[in-house]
Number of protein chains: 2
Amino acid sequence: MATKTAAQKRAQAKEAYDAFMASCPSRQLLDRISDKWVALILAALGGESPSMRYSELSRRLAGVSQKMLTQTLRSLERDGLITRTVTPTVPVTVTYELTDLGLSLHQLMYGIKEWAEAHMDEVLTNRDNYDTQHA
Amino acid sequence: MATKTAAQKRAQAKEAYDAFMASCPSRQLLDRISDKWVALILAALGGESPSMRYSELSRRLAGVSQKMLTQTLRSLERDGLITRTVTPTVPVTVTYELTDLGLSLHQLMYGIKEWAEAHMDEVLTNRDNYDTQHA
DNA sequence: CAGAATCCTTCACGATACTG
DNA sequence: CAGTATCGTGAAGGATTCTG
């Protein structure tokens, strides 16, 4: 078939786009990192307590559903950013801890967090100005 | 009414949670920053070209819908991270540029991007190991 | 060119219930 | 305690059409 339907062209454009993105190695990880639960878990685990139990994390990130918590923890474990350790007590004890790789990312994330805290007021002021000017 | 329904308790718990989160100033900004389009726009604008037109951005971030692009640009402008300049040519020309505030965040984001590129292989290896061990 | 407005889909996420 | 499994929904986001 020489001619292509609009749907086919769209499909190909999508593929070409994906291929292009795949050639940009940072993109995949960037998408994964750009997740608020990832940021919060990394922040929690990089804090004062080197390792935390599931229930501790659950409390620390108050508001997270266990589904999202488990899901995010799994993906972080899969990527080698955290370790999951099961201690066969009764009931079972599970602890999570940053790997060296995870720690290195935590450092950077911490910078972002600091930036947010440092410039929060400035941003709020900017928003007020914008809103009044576009009222 | 002295007693509360489960729905009411949930609503209150949600408010309490929101209040708690509001007391953490970094949280709001963190959520906004933890967005892949934000990261990509900041990366694009912080690159070689100091200012970019709407269409340039649209091409550079191939795959982004104009809805998401416009929406994200607006919020960044509102927060004072970028400026929007309209030049009344025919047709109209609109350029976007990082503010000093936006530039400071860009620096940090750039670190994250570099991290992602540097550790991409390691992460992919970790994923393979995880997948084979959990096959 | 640079959007605004609308419709429509999907899927991310929360709520709930169950288990080793 | 630390999850897994299932279901239902709302809201994010894409496609499309229209405009100054």
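The structure displayed is predicted, hence computed values, not measured ones. Lettering of chains follows the sequences in order, A, B, ..., and the numbering in each one begins at 1.
In this structure, the CG atom of Leu57(B) is 13 Å from the C1' atom of dC1(C), given to the nearest Å. Between the CE atom of Met68(B) and the P atom of dA2(C) there is a distance of 19 Å, given to the nearest Å. Remark: P of dC13(C) and CG of Leu40(A) are 13 Å apart, rounded to the nearest angstrom. Between Met52(B) atom CE and dC1(C) atom C1' the separation is 15 Å, expressed in whole Å. Straight-line distance from the CG atom of Leu69(A) to the P atom of dA15(C): 14 Å, rounded to whole Å. Computed from coordinates, the Tyr96(B) OH to dA2(C) P distance equals 8 Å when rounded to whole Å. Atom-to-atom, CD of Gln71(B) to P of dA12(D) comes out at 8 Å; the value is rounded to the nearest Å. The nearest whole Å value for the distance from the CG atom in Leu61(A) to the P atom in dC13(C) is 14 Å.
Within 4.0 Å (heavy atoms only), Gln66(A) reaches at least one base atom of the nucleic acid.
Between Arg74(A) and the phosphate of dG3(D), there is a side-chain N or O to OP1/OP2 separation shorter than 4.0 Å. The phosphate of dC1(C) has neither OP1 nor OP2 within less than 4.0 Å of any side-chain N or O from Arg53(B). Contact between the side-chain N/O atoms of Ser65(A) and the OP1/OP2 oxygens of dC13(C) is not found at any separation under 4.0 Å.
Taking the six-membered ring where the residue is Trp, Tyr130(A) and His134(A) present parallel rings, their angle staying beneath 30° rather than reaching 60°.
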What pairs of nitrogen or oxygen atoms, one from the protein and one from nucleotides 6-11 of chain D, lie under 3.5 Å apart?
none

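Residues Thr70(A) and Val92(A) both approach DNA chain D. Their nearest nucleotides, taken by heavy-atom distance, put Val92(A) toward the 5′ side. Mapped onto DNA chain D by nearest heavy atom, Pro91(B) and Tyr54(A) fall at different nucleotides, with Tyr54(A) at the one closer to the 5' end.
A salt bridge is defined here as a Lys NZ or Arg NE, NH1 or NH2 lying under 4.0 Å from an Asp or Glu carboxylate O, and Asp35(A) with Lys36(B) fails to meet this definition.
Between the side chains of Tyr54(A) and Thr70(A), at least one donor N or O lies within less than 3.5 Å of an accepting N or O.
Proximity of a side-chain donor or acceptor of Asp79(B) to a complementary backbone N or O of Leu81(B) within less than 3.5 Å is not detected.
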